[in-house]
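Everything numeric in this text was worked out from a predicted model, so none of it was measured.
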Amino acid sequence: MVKRSRILGCGSYLPANVVTNRDLESRVDTTDEWIVQRTGIKARHIAAEGELTSDLAVAAATRALEHAGVDAGSIDCIVLATTTPDNTFPATATKVQAALGTKGFALDIQAVCAGFVYALSIADNFIRAGQATRALVIGAETFSRLLDWKDRTTCVLFGDGAGAVVLEGYDAPGTSADRGVLSTHLHSDGSTYGLLYVDGGPSTTGTTGHVRMNGQDVFRHAVSKLSSVVEEALAANGMEPSTVDWLVPHQANQRIIDGIARKLKLSTDKVVLTVDRHGNTSAASIPLALAEAVHDGRIKRGDVVLMEAIGGGLSWGAALVRW
Ligand code: UT7
């Protein structure tokens, strides 16, 4: 037998305020047609003034705990993926810990849009190493706070939201038929740091800064790196693309998602898409999509779920999970 972590439940939260492409037309030099054609995004949710990343995270985590049917007091680890912490320190996860009343320890991790895959991998490793038994893995962002509303090449792309899953360790036979996280695969390449970054920070400008991106280069890296990491994940488990029941990708651009699905020869009805309604919510995009497809009945017990994401760093990764 081996230690594995299975997902007991999931939940998500989106701020009430919806901003459509048409709304943006009056704010920046853009059109609904351009945004839809280049990205597939039609609308995004934007957090209200005073609504913090921790608020979004607590709301999503509360729903995940309810869905899992477990008490907050039984959680001994929180791994929160975020690029938009409430404060530079301490970890936003500690605020979430206090609000929920979880035990053990709580930490933030920073891998931008790849954050949820990184957080899932970290929590899975804590569980398999015996350092945690039940973990909350959260992706939560108020990414709108990093946007330069004068830069049309970035401000139309992002949105706010949060998603969470409850992970629990159990003893499994150790085959690819096991439920839970089958494997996770993480990569980063700091030589591409300048392709997607924020032009501020405590140690540089002393300010928060705004997101800057070389979209075309990131797009090229995304297609090639995501294709290779999903192949790596399938090969590690002796699986063919046809074994995948659901692709739950990071939701940055419909064209990137379509490209990966084509490479895997996955029909579009096996791909969970939220980019049209959420935009790019960075670390929150995968758990938001996951929660939607679980709660509407698409993802069922025993299904093979493939997750992949890439973001600033560049940092990218994939996770293969049997639901
Ligand atoms: O989540 C982290 C990972 N991030 C990503 O995966 C994002 C990857 N990149 C992308 O998704 C795409 O590169 C973008 C959606 C960001 C841009 O799409 P693109 O097809 O690469 O467009 P482009 O940057 O080549 O720009 C084409 C044209 C330019 O005009 P010119 O130079 O051809 O006259 C831009 O100035 O579109 C113009 N443009 C816009 N026009 C209207 C750029 N942004 C806008 C806009 N509205 N919002």
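For Asp71 and Ser74, the side-chain atoms include no donor-acceptor pair closer than 3.5 Å. Judged purely by distance below 3.5 Å, without hydrogens or angles, the side chains of Ser176 and Asn237 never pair a donor atom with an acceptor atom. Neither side chain, Thr92 nor Ser54, offers a donor N or O lying under 3.5 Å from an acceptor on the other. No side-chain donor-acceptor contact under 3.5 Å links Asp108 and Thr82. Side chain to side chain, Thr184 and Ser121 meet the donor-acceptor criterion of an N or O pair below 3.5 Å.
Of the charged side-chain nitrogens involved, at least one lies within less than 4.0 Å of a carboxylate oxygen, so that Glu25 and Arg22 count as a salt-bridged pair. Ion pairing between a basic and an acidic side chain is recognised when a charged N comes within 4.0 Å of a carboxylate O; Arg4 and Asp171 show no such pairing.
Counting only residues at least two apart or on different chains, the salt bridge (charged side-chain N to carboxylate O under 4.0 Å, His left out) pairs with a member in residues 287-313 are Arg277-Glu292, Glu292-Arg298, Asp296-Arg298.
Among all heavy-atom pairs drawn from Ala93 and Leu80, the shortest one is N-CD2, 3.5 Å. The minimum heavy-atom distance linking Gly50 with Asp55 is given by the pair O-OD2, 3.7 Å. When every heavy atom of Ala233 is checked against every heavy atom of Leu320, the shortest pair comes out as O-CD2, 3.8 Å. Heavy-atom minimum distance, Ala309 versus Ile286: CB-CD1, 3.9 Å. Listed here is the closest heavy atom pair of Pro173 and Val2: C-CG2, 4.5 Å. In plain terms, the two heavy atoms of Val294 and Trp323 that are nearest each other are CG2-CZ2, 3.4 Å.
Within a 6.0 Å sphere centred on NZ of Lys42, other residues, nucleotides and ligands contribute 12 heavy atoms or fewer.
At a threshold of 4.5 Å between non-hydrogen side-chain atoms, the residues Leu146 and His210 do not count as touching. Taking 4.5 Å as the limit, some side-chain heavy atom of Leu56 sits within range of a side-chain heavy atom of Glu51.
The closest donor-acceptor contact from the side chain of Lys225 to the backbone of Ile310 lies at 3.5 Å or more, if one exists at all.
For the atom pair Asn253 CG and Leu157 CG, the distance stands at 8.0 Å (nearest 0.5 Å). Put simply, CG on Asp76 and OG1 on Thr102 are 9.0 Å apart, with the number rounded to the nearest 0.5 Å. Of the inter-residue distances, the one linking Asp151 atom CG with Arg212 atom CZ reads 5.5 Å to the nearest 0.5 angstrom. A distance of 8.5 Å separates OH of Tyr170 from CE of Met1, quoted to the nearest 0.5 Å.
Note: His45 and His278 have perpendicular aromatic rings, judged against thresholds of 30 and 60 degrees for the angle between ring planes. In this structure, Phe126 and Phe105 have perpendicular ring planes: the angle between them is above 60°, well past the 30° mark.
Checked options Thr281, Asn21, Asp23; the residue passing with Arg44 is Asn21 (criterion: side-chain hydrogen bond (donor to acceptor under 3.5 Å, both in side chains)).
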**Message:** Under the criterion side-chain hydrogen bond (donor to acceptor under 3.5 Å, both in side chains), I'd like the reasoning laid out for Asp160 against Thr142: C-alpha separation, chi angles, the key distance, then a yes or no.
**Reply:** CA-CA 5 Å; Asp160 302 333; Thr142 47; 5.5 Å; no

**Prompt:** Going through the checks in order, is the side chain to side chain contact (heavy atoms under 4.5 Å, CB included) test met by Thr62 and Leu100?
**Reply:** CA-CA 8 Å; Thr62 302; Leu100 295 174; 3.5 Å; yes

Atom pairs and distances, donor-acceptor, side-chain atoms in residues 256-264, under 3.5 Å, two or more places apart:
{"unit_1": "Asp258", "atom_1": "OD1", "unit_2": "Gln254", "atom_2": "NE2", "d": "3.2"}

